[in-house]
Amino acid sequence: MIQETLAIIKPDGVARGLIGEVIRRIESHGLKVKAMKMVHLSKKEAEGFYAVHRERPFFGSLTSFMSEGPVVLMILSGENAIQAWRDLMGATDPAKSAPGTIRREFGLSIERNTTHGSDAPETAAFETSYFFSGMEACN
Ligand code: ADP
Ligand code: MG
C-alpha cells in the first residue's frame, strides 16, 4: 500500500550538517520526497505538533529542543512508507536502536535523536497537514 508519512530532520541533525546524509538514506531506500521545507519552529508551533505528548514529563524539554534551531520537514511517499521510514530511523533511544539505523549512527540521546517519523496513518495525516498545505505537495 502506498502511504505518506511526515519526516523531520531535528535541530541536532540540521546543526551537525546531516541533511544530505538523511535524505540520501531516504532516497536510496526507495522513498520519494513529495514536499520539503526548512523552518525554525516557534515553541508554540512545536507544542502544537507534539500535543499528544503534553502530559509527558519530557514535553517542555522536547519542545524547547525542537524550537532551538531550524528543522527540515518532509512528506515522504512509498510502499508502507510509515513503517519503512521508522525502520530507517530505528528505535527512539539511539542506545537501543539497531546498528545501521539513523538514530543509532547519529542520535545523541533519547531526546536529541536526529529524526522524527509518524507512527500510524492517523498521525501521518495530522502531521503532514500540520506543516503542509495541499498546494505544497508534488505528485
Ligand atoms: P518516536 O519519535 O520514536 O515516535 P515518541 O513519540 O515516544 O518517540 O517521543 C517523541 C519524541 O520525544 C522522541 O523522538 C524524542 O525526541 C522525545 N522523547 C521520547 N522519550 C523521551 C524521554 N524519555 N526523554 C526525553 N525525550 C524523549
Ligand atoms: Mg512518536
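Computed from a predicted model, the values in this text were never measured in an experiment. The residues of the chain are indexed from 1 along the displayed sequence. Atoms within each ligand, like the ligands themselves, are counted from 1 in listed order.
For atom 1 (P) of ligand 1, the nearest non-hydrogen atom from the set T92, T114, I8 belongs to T92. Comparing R103, H116, M89 against atom 2 (O) of ligand 1, the shortest heavy-atom distance belongs to R103.
Close to ligand 1: I110, with a non-hydrogen atom less than 4.0 angstrom away. Remark: distances from the non-hydrogen atoms of M66 to ligand 1 are all 4.0 Å or more.
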Check: Could you walk me through whether I2 and E79 pass the side-chain contact (heavy atoms from CB on, under 4.5 Å) check?
Finding: CA-CA 4 Å; I2 299 293; E79 186 67 28; 3.7 Å; yes
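If you look at N113 next to ligand 1, the close heavy atoms, those under 4.0 Å, all belong to the side chain. Within the 4.0 Å heavy-atom criterion, the part of R86 lying near ligand 1 is the side chain and not the backbone. Using a 4.0 Å cut-off between heavy atoms, R112 makes no contact with ligand 1 at all.
Each of the atoms 13 (C), 14 (O), 15 (C), 16 (O) of ligand 1 lies under 4.0 Å from some heavy atom of K10.
Here the protein heavy atom with the shortest distance to atom 18 (N) of ligand 1 is F58 CE1, 3.6 Å. Ranking protein heavy atoms by distance to atom 16 (O) of ligand 1, first place goes to E111 O, 2.8 Å.
For R25 and E105, the salt-bridge test passes: some basic side-chain N is under 4.0 Å from an acidic carboxylate O.
By the side-chain hydrogen bond (donor to acceptor under 3.5 Å, both in side chains) test, S61 pairs with E111, sequence neighbours left out.
A tilted orientation is assigned to the rings of F131 and F49, their planes being inclined by 30° to 60°.
The backbone N or O of E45 lies less than 3.5 Å from no partner atom in the side chain of Y50, so there is not a single donor-acceptor pair. Of the possible donor and acceptor atoms, one in the side chain of Q3 sits under 3.5 Å from a partner among the backbone N and O of A81. No donor-acceptor pair closer than 3.5 Å links the side chain of R103 to the backbone N or O of L108.
Through side-chain heavy atoms spaced under 4.5 Å, either directly or across other Ile, Leu, Val, Met, Phe, Trp or Tyr residues, M135 is tied to no other residue.
Annotation: H53 places an N or O atom under 3.5 Å from an N or O atom of ligand 1; distance criterion only.
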